[in-house]
Structures are given as structure tokens and as C-alpha cells.
Number of protein chains: 2
Amino acid sequence: MTIAARKLREKEKMRELILDAARTIFLEKGYFEASIRNIAEKIEYSPGTIYTYFKDKDDIFHALHEEGFRRMLDKMQPLQHVADPFERLKALGLVYLEFARNNKDFYDLMFIMQAPIKHEEEDEEWHMGHQTMNFLKVILAQCQERGRFKGQDINYLSFTIWSTVHGMSALYCRERCKAYHNENLEPIDLMDNGYKILISMLEKL
Amino acid sequence: MTIAARKLREKEKMRELILDAARTIFLEKGYFEASIRNIAEKIEYSPGTIYTYFKDKDDIFHALHEEGFRRMLDKMQPLQHVADPFERLKALGLVYLEFARNNKDFYDLMFIMQAPIKHEEEDEEWHMGHQTMNFLKVILAQCQERGRFKGQDINYLSFTIWSTVHGMSALYCRERCKAYHNENLEPIDLMDNGYKILISMLEKL
DNA sequence: AAAAATATTGAACACTGTTCAGCCAGCAAA
DNA sequence: TTTGCTGGCTGAACAGTGTTCAATATTTTT
């Protein structure tokens, strides 16, 4: 059974090798600029080889997509230890925005890029996404238990909050903060202070 | 002087012809799927011809980009007649979201797509964007004159509001509302009710 | 009518994702 | 040990991409 096991290990290692190269190039050039030949060249294999490990370019995309969500969820785990749910909510937003800023291209991959969803089993695809979403909804429910956000629908409220932080992140990632370039306002300023306003609105809601 | 004038007219007509075809194909297939050859075929000219009227593919992109902003500003004009600034603000958000929904691909072009800005004179590029932004800021300033949003910085506040409606639009355009598919919530529901929450937050701010 | 200017063509270049016949190393059975 | 076989790997090939440019066709000017 050792040889089969080794083969499996080697196969996994090769996948990882491709994924490492792909990550570098995808996050460097973006999805469309990155080419299979680029990746193949980086790992010193022929282009065709990649297709033994991944169905197509999208398949590689989805692997990275998942990795992104794993990374984000990792960053969120420590928040479980923040006792007060509203404090946890505030911290969650900061983690989210920080993730977007520090992992611009992962964020792009996860929330902005056009993911050509040919796959019918997209439910599997979005499993990670739902998990992330739930993190927010659970916090909001707990806030509500403590008397906050009275009478608000959690689905809609979560969408509003998500939209705000996503909006900021998306404007940042796609360089639309330049709209404030005239006023000499840096994206980081905008995001930090914009988020503070969101918080103070939520406090009063 | 008639021949030169006619030539100019013809040149403009040709540009329009290309732009018409480009719009159709761009908005149908998206920037990367659309090809110069597609456009050329549609107007029954050779691919090379297009390059006498546009520097490159990006140049066509930017022409459509501008058209999008013109269209959006057109939809905003009627709002000038809403006397109360806060009412105008509320209506502006609706116009914005409606534009995004009805002109999904224009919206994508304007606010989401990676615009490869080689052009150094990007200030010119964003003239339309600034104009749109100002529309919001002026309203906020007028709200402040009437006692609303006391002590808030208009730049940051406008960014927060813009982020929220942009976030909703971007999640809609890039099919991320599917995160709520489990709960059988349609994107339109999410946007409408999410926006209501934003409004009630702004009312209390 | 000839010359100059302009518009249009389509082949060519260097790239893209993807497929597939063929090659060859490593393992299994004889 | 030799044979047969499996499967990873190759690289040429296909159909597509944006862009350029010498040659051609058309129109305007002389």
C-alpha cells in the first residue's frame, strides 16, 4: 500500500506546486492577464501537464477562491473570544476591511471577480461564503438578544452592513477611491473614518 | 468648407457606428469576452479599420465609460426639483440603485471593471465621476445647513453612503447576492429593504 | 488627368486556453 | 528478468485574441 500512498502524496504535492505558482501569478497579474503558460513556465512543466491536475483555468480559480475564504475565516476565529456581541461586530468589520486591504487580490478573487459558474453544484462552491455570512448573522442575532437592533430583520440588516464594508473594499480594490483624490484623501483615511460613521449609525439604530 | 465638414461628420458617424456595435457586444459578453474582430464583423469592416477611430480596446472602453456617466447624470437631473435636501438624498439613492439594476453592464463598466489606466491624464478621465460625486456632496452640505448630520465630515459621510449603495450594486452585478439564496431572498428584496435600513440609520444620525 | 491625401484591407506577429497523439518512466505479473 | 501496462508528461496543433503595417482602394486637391 506504500506505493499507492506515495503516488497520492506526490499528486497532492504537484497540485500544491501548481497552486503556489498560480497564486503568485494570479495575484500578480490578475485572472485574465495570468496565463496557463506562465504558470507552467514557473514550475518548469509543459502547459498540458496542468490539465492533469485541474480541469481548466476556472478550476484553479476556484481552488484559490476557497483558500481565500479559509484565510479570512482564520482571521475571524480570534473574535470568538470577544464576549460582547456588539464589540465583536465592531471588530469583525475591522478584520474584514483589514483583510481586504492586506489581501487585495484575494479579496478581489472572492468577492468581485466574475466567477464563471459553469458548475451546477454551486452550493458546494459557496459553502465557505455562507459560513462567513453566518458569522455576521449570528453576531447580529446575539446583539438582538441584548436589546439592540430591535424590530430589524437580520437578513436585511446583515446585507446593509455587508454592503457597506464590501462597498468600501471594492472601491478600494478597483481604484475608485480616486474620486476623492482632489481632496487629498487617502483610501485608508476614507475607509477608517467611513467605517466609524457606520458604527455610530449602528449604535443609534 | 463643405467637404471638410462632411468628412468630419462622416468620421463622427463612423465612431458612433463602432461605438454602437461595441456597446452591444461589450454589454453582452463583457469586456474580456468581446473582441475587436466581433465588433468589426458586426459593422462589416475589417478589424484594422477600428484602429483609425480608436487607439485601442481601452479607448473604446473609456468612450463607453463616459457614456455611462452621462446616462446616469441624466437620470439624476430631475432630482434637482426636489426641494427638501434629505428627500433629495433619499431619492438619489433610489435612482442610483435603480440605475445599477437596469444598466447592470454600464454600472459594471463605470464602477467595477478594472479600467487599465495607462493614460496619465486620468483627471480628465474622472471628470464625470467627480461630477456625480459632487451631486451627493452638495446634497449632504444642504442637509447640514438644515441641521442634519451635525459634526460629520461630508467627505467621509459621502464615502460611507456611496460605499453602501455601491456595495449593494456590486454584490448584485457580480452575483454575490446568492449568499442569501438559502433564505429565498431575491436581490431586489435585499436591495430595497437594505436601503430602507440605511435611510433609517441616516435619519437617526 | 495626374498627384496627393486619406480610408480600408487583410496578412502577419506574438500571444491566449485547451486538446490529444505519442513518448517514456515505473510498477505488476509471468 | 523480461514483458506488458498504466499514467504522468510533452509539445505540436487548433481556434481564438489585440495590434500593426505594407499594400491597395477611394476620394480630394491640384
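To find a chain, count down the sequence lines: A is the first, B the second, and so on, and within it residues start at 1. These figures come from a predicted structure and were not determined experimentally. Side chains are part of it too, since the values below use all heavy atoms of this structure and drop only hydrogens, waters and symmetry mates.
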Item to check | Any donor-acceptor N/O pair under 3.5 Å between D:dG11 base and A:S46 side chain | outcome: yes
Next on the checklist: Within a 6.0 Å radius of atom CD1 on B:I188, are there more than 12 heavy atoms belonging to other residues, nucleotides or ligands?
Outcome noted: no
Next on the checklist: Taking atom NZ as the centre, does B:K75 end up with more than 12 heavy-atom neighbours from other residues, nucleotides or ligands that are less than 6.0 angstrom away?
Outcome noted: no
Item to check | From B:L64 atom CG to B:M113 atom CE, the distance as rounded to the nearest 0.5 Å | outcome: 9.5 Å
Checklist entry - Looking at OG of A:S169 and CD of A:E98, how far apart are the two atoms once the value is rounded to the nearest 0.5 Å? => result 11.5 Å
Checklist entry - Less than 6.0 Å separating the ring centroids of A:F111 and A:F99? => result no
Next on the checklist: So that I can tick it off, tell me whether B:E183 and A:K137 are bridged by a salt bridge, with the cut-off set at under 4.0 angstrom between side-chain N and carboxylate O.
Outcome noted: yes
Checklist entry - Can you tell me if the side-chain N/O atoms of B:Y51 get under 4.0 Å from OP1 or OP2 in C:dA7? => result no
Item to check | B:R37/B:E41 under salt bridge (Lys or Arg N to Asp or Glu O under 4.0 Å): CA gap, chis, key distance, verdict | outcome: CA-CA 6 Å; B:R37 282 178 181 80; B:E41 201 174 355; over 6 Å; no
Item to check | Near-strand residues of residues 10-17 of chain B, defined as heavy-atom separation under 4.0 angstrom from DNA chain C | outcome: B:K11
Item to check | Gap between atoms OH and C1', on A:Y53 and D:dT10 respectively (whole Å) | outcome: 13 Å
Checklist entry - Does any residue of residues 33-45 of chain B have a heavy atom under 4.0 Å from DNA chain D, and if so, which ones, in number order? => result B:A34, B:S35, B:I36, B:R37, B:N38
Checklist entry - Passes ring pair (Phe, Tyr, Trp, His ring centres under 6.0 Å), A:F61 versus A:F54? Steps please. => result CA-CA 10 Å; A:F61 173 87; A:F54 294 93; over 10 Å; no
